[in-house]
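All of these numbers come straight from a predicted model, not from anything done at the bench.
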Amino acid sequence: MRAEFGGQDGVGAARPERGGVMADLLDARTYRAALYVLLAFPVGVVCFGVLLCGVLLGVVTLPLVVGAGFLLASLWLVRGLADLQRWMAALVGVRFEPRLPRAYSGVLPWLRAVLADGETYRALLFHVIQLPLSLACWVALLNLLALAAAGLGAPLWVNAPGMAFVWQEYTVQLHEWSVLGMMLLGLGSLLLTGGLLNLLGRVWARLVVALLAPDLGAEAAQREVVALRRAAGRVALGDDLPGTLADLTAQALAASTAHGIALVGGDGGALAQAGLLDPALTGPVERPPVSGEADVRLAASGRTLVTLPVTLPPTAAREDGGTLRAVYAAGTRPAEQELAFLLSIADHAGTALHASQLIQRAGERAGEQERARLARELHDSVAQALYGITLGAKTARATLDRDPAKARASLEYTISLAEGGVSEMKALLFSLRPDALEEGGLIAALSQHAHAMEARHGLKVHADMPAEPHLTPDGQAAAYRVTQEALHNVVKHARATQVWLGVRQEAGRVTVTVRDDGRGFDPHAQGRGTLGQRSMRERAEGAGGTLDVQSAPGEGTIVTLRVPTAPGGVPDRAAEPVAGHRESA
């Protein structure tokens, strides 16, 4: 619930004031205040009487069962009658937003919540104060009205038959100037009554807001905490900068009293905007705000404009992160707590902008590294194969007439180079597509990679992969990357001529083995292993599996990866060989 002034005491929207001695008598608020004062006394009598009777009946009958009921009813009436007082407060220019109904969860939880709420005691204090204060207002206004009526009606009763002022043995006869003076006194009393009514309207408005308005500070703090938590969660995602900034402005508008909020770039253009579209929310700033502080000034539209800096860290690509701007109703200034909240939103916006810059730079850097790797791969494989094909074709053309046998051999060599180049190109294209493993499956991916190893390095790869295993995406990726690293180690370190590659699924797990006939090594002399082995083990552990490396000098190496199957997988059984499988990849 939120209280709003309708211009009764100068808080809220500004409204022109009439001048002159008759201003109060010509102001409609005066008569609304008079109606409020007129109703306040009888309503105060009823509220005070009902609550007093309820408490007395509850105390007297407390030994009986009904006593507790009277006390609970009186406690409920304290808040219920406060709603009636809030409805009446509209006469003095104070309006409250509709109250959300409380969720009822039983008598004891309701009782604890009501007794712990400070609003209950403020409402009770208002009911206690209302009766004597309204009575004092009645006495003062009735005296002024009586004096005004007597003065303005002086021509009717002064010097009338039977009306004579006797003092001792003298009879006083009022002069015409005395009658005029009494009329002026009555007129002054009437003007004073109008001024007093306007003043009383302001007093009652202040009292209603002080005692019957909800604790706006606690509600505002709760809204701000929720908004900051949502903003932090949205910034942490970092997936959509425009959506993140739009959500930040929406959260700031919902948790503050601002009418409009915008995040503005360094060039003055709006990055995101919510609420009222005020011209002051966009465009270049006349004076950039100091870091960590808010600049509060009057906008051209008459509203209050708050400008806060969006700060970027020193490592950012640009220094100017823009500003966060908020507009408020004319004549209002946001509290320091709200300014601190908006500054936190501005900091979140700076974090989102910086994260977007980092992601963009990382993507550009990754693209450069991938292009460099692709250039090396093409130079070492496909370019060399094309050069060999060119030499073989020229040799065949030169010896075709005089030595057909040599030409045939050159053509066979050229064809083998062409096949190897095609396989190498397929392997490169496969590595460039992140979704190829998911589309083709583990067996197809390993087959293509093994074929590329044969064509590029002259290895003989014996593949035993009868069926596609049932793995999770993480397990499938781990199996492929570990096997890829193991084959790379064979080429780089083992000096092997043959490699045996196997994939089996049994007993709820998938076993992938890579065995070579290379020179081997002493695992104990390697300590925890090389960086490649540590990477393989980390990939295996990340998929919930294990990695075992067995080797000895001169006896080759066996790398065994065991990964659990996916939940709800197919039964372990001997499967038919997949289409296109061959014993030697």
For this session: Please test I558 against W500 for side chain to side chain contact (heavy atoms under 4.5 Å, CB included), starting from the C-alpha separation and ending with a verdict.
Result: CA-CA 9 Å; I558 303 176; W500 287 265; over 6 Å; no

Exercise. Would a 4.5 Å heavy-atom cut-off, applied to side chains only, mark L281 and V264 as touching?
Worked result: no

Problem set entry | Under 3.5 Å side-chain donor-acceptor pair for H470 and Q505 | no

Exercise. Would a 4.5 Å heavy-atom cut-off, applied to side chains only, mark N489 and M536 as touching?
Worked result: yes

Exercise. How far apart are the closest heavy atoms of P564 and G544, and which atoms are they?
Worked result: CD-O, 3.3 Å

Problem set entry | Greater than 12 external heavy atoms within 6.0 Å of R297's CZ | yes

Seminar exercise, completed: Heavy atoms of A346 and P309 approach each other most closely as CB-O, 3.5 Å

For this session: Check A252 against L342 and note the closest heavy-atom contact, atom names and distance.
Result: CB-CD2, 4.1 Å

For this session: Taking all heavy atoms of V306 and all of P334, pick out the closest pair and write down the distance.
Result: CG2-CG, 3.8 Å

For this session: Hey, could you give me the CD1/OH distance between I261 and Y328, rounded to the nearest 0.5 Å?
Result: 6.0 Å

Exercise. Checking D522 side chain against P553 main chain: does a donor-acceptor pair fall under 3.5 Å?
Worked result: no

Problem set entry | Atom of L561, atom of A540 and distance for their closest heavy-atom approach | CD1-CB, 3.5 Å

Seminar exercise, completed: So CD of Q498 and CG of D516: to nearest 0.5 Å the spacing works out to 10.5 Å

Problem set entry | Q476 (side chain) donor-acceptor with G441 (main chain) under 3.5 angstrom | no

Exercise. Is a side-chain donor or acceptor of E338 paired with a backbone partner of T257 at a separation under 3.5 angstrom?
Worked result: yes

Exercise. Can you tell if the side chain of V549 reaches within under 4.5 Å of the side chain of R537, non-hydrogen atoms only?
Worked result: yes

Exercise. How long is the span from the CG atom in L248 to the CG atom in L324, to the nearest 0.5 Å?
Worked result: 9.0 Å

Exercise. Is there side-chain contact between P466 and R504, with at least one heavy-atom pair below 4.5 Å?
Worked result: yes

Seminar exercise, completed: So OG1 of T249 and CG of L253: to nearest 0.5 Å the spacing works out to 8.0 Å

For this session: Show the numbers, then the answer: is there a side chain to side chain contact (heavy atoms under 4.5 Å, CB included) between R303 and L276?
Result: CA-CA 11 Å; R303 299 184 180 92; L276 180 67; 3.4 Å; yes

Seminar exercise, completed: Between the CG atom in L308 and the CG atom in D347, the distance rounded to the nearest 0.5 Å is 9.5 Å

Problem set entry | Validation row: T511, R509 side chains within 4.5 angstrom (heavy atoms) | yes

Exercise. Do V563 and V512 touch side chain to side chain, with heavy atoms closer than 4.5 Å?
Worked result: no

For this session: Quick one: do T546 and D548 satisfy side chain to side chain contact (heavy atoms under 4.5 Å, CB included)? Show the steps, please.
Result: CA-CA 7 Å; T546 59; D548 180 45; over 6 Å; no

For this session: Please check if the side chain of T120 supplies one atom and the backbone of A116 the other of a donor-acceptor pair under 3.5 Å.
Result: no

Problem set entry | Smallest separation among heavy atoms of S551 and T557, with atom names | OG-OG1, 3.0 Å

For this session: Verify side chain to side chain contact (heavy atoms under 4.5 Å, CB included) between T244 and H348, making sure each step is shown before the conclusion.
Result: CA-CA 10 Å; T244 299; H348 279 79; over 6 Å; no

For this session: Measure the spacing between CG of L245 and CD of Q273 and express it to the nearest 0.5 Å.
Result: 13.0 Å

For this session: Check whether any side-chain heavy atom of L501 sits under 4.5 Å from a side-chain heavy atom of M465, and report yes or no.
Result: yes

Exercise. Do T323 and R325 have side-chain N/O donor and acceptor atoms under 3.5 Å apart?
Worked result: yes

Exercise. Any side-chain heavy atom of D278 sitting closer than 4.5 Å to one from H259?
Worked result: no

For this session: Measure from the side-chain N and O atoms of D295 to the backbone N and O of T307, and report whether any donor-acceptor pair falls under 3.5 Å.
Result: no

